[in-house]
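Inspection log for the structure reproduced underneath, given as structure tokens.
Because only heavy atoms are used, hydrogens play no part in the values below, and waters and symmetry mates are left out as well, while side chains stay in. Lettering follows sequence order; numbering is per chain, from 1. Because the structure is predicted, anything quoted here is derived from the model rather than measured.
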There are 2 protein chains.
Amino acid sequence: MSAESAPRPGARGHGAEPASGAAPRRGRRRDAEATRRALLEAAGALFDERGFDRATIRDIGERAGVDPALIARYFGGKEQLYIAALADEGRIARRQPQVADLHAIAERLLARWDRGGTSPVRRALSDPAPADPDQRALLRRIMRPGVIDPAKEAVGGEEAALRAELFLALLLGVSAARSNGTLSAVANASRAELLRQLGPLLDALADAPPRADAPDAPPADAPDVPPPADAGG
Amino acid sequence: MSAESAPRPGARGHGAEPASGAAPRRGRRRDAEATRRALLEAAGALFDERGFDRATIRDIGERAGVDPALIARYFGGKEQLYIAALADEGRIARRQPQVADLHAIAERLLARWDRGGTSPVRRALSDPAPADPDQRALLRRIMRPGVIDPAKEAVGGEEAALRAELFLALLLGVSAARSNGTLSAVANASRAELLRQLGPLLDALADAPPRADAPDAPPADAPDVPPPADAGG
DNA sequence: AGCCGATGTCTTCGGTTGATGACAAAGCGC
DNA sequence: GCGCTTTGTCATCAACCGAAGACATCGGCT
């Protein structure tokens with residue numbers, strides 16, 4: 001236990017990958033901001049790839065070329081790093097030029113969420129939400145301006161909110177199925193093929209008025225669920 | 001630590017819930033089959049609710065009213081219990097009367113996967129797939145007859161396989177978004193409202209030919225049911 | 001009755017994970 | 001040169017998890 005036998009000249013430059021970036025900043029070998037960015041990037045990729053639980057802070061640190069303990073120092077902990085990565089992604093998304101075409105948004109989202117993507121956003125919308133209600137609200141606040149609102153604007157019409165989220169859920173499901181692989185046709189199709197098949201769906205989502213001849217359509221979104229009583233299983 | 005002071009008359013009837021089922025089989029106080037079923041049911045619910053990682057065998061045992069160690073005894077381990085729960089679900093799904101209408105299938109699937117559902121199938125199609133290739137193949141073999149094939153038949157037409165899986169991915173995404181809650185409009189909508197909005201999408205999925213210049217396929221109705229290939233254990 | 005397999009209960013082990021704090025080196029103003 | 005703050009490294013720790021096995025009890029069979 002006691003490491004007092006050898007004087008051990010510290011631990012210089014062994015911790016992790018040298019992170020040999022193209023950064024010309026030789027002057028600052030210790031750059032807190034660069035470390036933060038590296039952690040955010042690695043976290044985004046790993047959270048997307050494996051989900052929150054299976055992405056360990058050790059793996060994140062290794063990919064970032066940084067000691068995992070710095071996660072605690074800079075962000076407070078793993079969960080806060082997750083939130084920060086999400087917020088960072090949302091900020092990037094918001095900086096991109098807005099497009100009002102559902103197809104274009106679909107293409108962009110799929111490119112971001114598809115295999116090889118590095119966006120934890122997809123997980124944030126489908127994985128089990130955090131238990132803390134405050135953080136769930138925070139999640140919603142992060143997702144809205146960068147992801148939900150653009151889709152809502154592109155959908156337009158009545159019930160835009162619901163249909164925009166349906167649009168997101170569709171891409172969500174496709175991305176999830178693709179990364180999972182059990183649905184082999186979806187997993188093996190090219191992205192272009194996928195988008196072609198998705199085309200009519202997007203049109204239906206954008207154009208179709210939700211209520212045409214609803215017999216008892218209540219105008220408000222009444223969350224009353226009729227007793228299912230389905231003896232399914 | 002050392003529990004050697006008191007003689008402790010064994011551990012009679014404390015382990016877990018008494019599992020006071022309505023089972024009239026008073027003759028057998030120890031029923032391996034009932035225990036298996038209880039474990040399968042609890043596992044299905046918890047795997048669906050929390051995902052594979054966060055559903056601990058201790059929690060599963062507690063919900064089933066059974067000692068967690070029996071999971072190892074009866075199924076071999078947590079992962080095999082997962083596979084067994086999936087296969088059990090698939091068997092149930094296969095027993096239900098087949099319907100050839102996409103809307104009907106959507107309604108049924110949503111009822112099964114939606115909140116309060118107890119089906120790990122949704123997770124199996126979206127969560128990170130197991131690392132072992134054999135088990136991934138097994139997963140596919142379980143999902144095909146009970147879930148994928150019926151959808152494929154209902155979709156029909158060209159590229160039925162891809163579009164059927166797209167259909168499943170759509171419902172998958174909707175269910176995931178609903179249980180996650182961050183997409184609040186989808187999460188708060190009633191199931192009926194959801195199905196109404198989904199309607200046009202399903203029509204687009206069923207009707208739209210993938211390529212504009214393709215003549216509509218002749219009524220190629222080949223209702224050949226593939227061999228059962230029962231993998232249920 | 002007495003044996004013995006089937007079924008159930010409890011304890012414990014090794015491994016992993018996130019977190020924490022002591023320590024070391026680097027930068028920087030004086 | 002010196003001392004302080006910042007930045008990075010390392011060694012643990014406590015908690016949790018899945019698995020395994022020792023032990024107890026039941027129930028049928030001869």
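Residue A69(B) places its side chain closer to dC10(C) than to any other of dA19(C), dC10(C), dG8(C). Looking at the side chain of K78(A), the nearest of the listed nucleotides dG8(C), dA19(C), dT7(D) is dA19(C). Picking from dT12(C), dT17(C), dT9(D) the nucleotide with the shortest atom distance to the side chain of R58(B) gives dT12(C).
Side-chain N/O atoms of T35(B) include none lying less than 4.0 angstrom from OP1 or OP2 on dT7(C). The phosphate of dC16(D) (OP1 or OP2) has no side-chain N or O of T56(B) nearer than 4.0 angstrom.
Between the CG atom of D67(A) and the P atom of dC10(D) there is a distance of 7 Å, rounded to whole Å. As a whole-Å value, the separation of L81(B) CG from dC17(D) P is 16 Å. Distance I57(A) CD1 to dT9(D) P: 15 Å, rounded to the nearest Å. One interatomic measurement links the two molecules: CG of D53(B) to P of dG18(D), which rounds to 9 Å at whole-angstrom precision. For R73(A) and dG18(C), the CZ to P distance is 19 Å, given to the nearest whole Å. Rounded to an integer number of Å, the gap from CD of E62(B) to C1' of dC17(D) is 15 Å. If you take CZ of F75(A) and P of dG18(C), they are 15 Å apart, rounded to a whole angstrom. For D31(A) and dG8(D), the CG to P distance is 8 Å, given to the nearest whole Å.
The heavy-atom pair separating L86(B) from A124(B) by the smallest distance is CD2-CB, 3.7 Å.
Using a 30° and 60° split on the angle between ring planes, F52(B) and F47(B) fall in the parallel class, below 30°.
Remark: D88(B) engages R37(B) in a salt bridge, criterion side-chain N to carboxylate O under 4.0 Å.
Within 4.0 Å of A34(B), counting heavy atoms only, lies no atom of the nucleic acid at all.
R122(A) pairs in a side chain to side chain contact (heavy atoms under 4.5 Å, CB included) with only one of the listed residues (L109(A), L172(A), L171(A)), which is L172(A).
Side chains of D48(A) and T118(A) form no contact here, defined as non-hydrogen atoms less than 4.5 Å apart.
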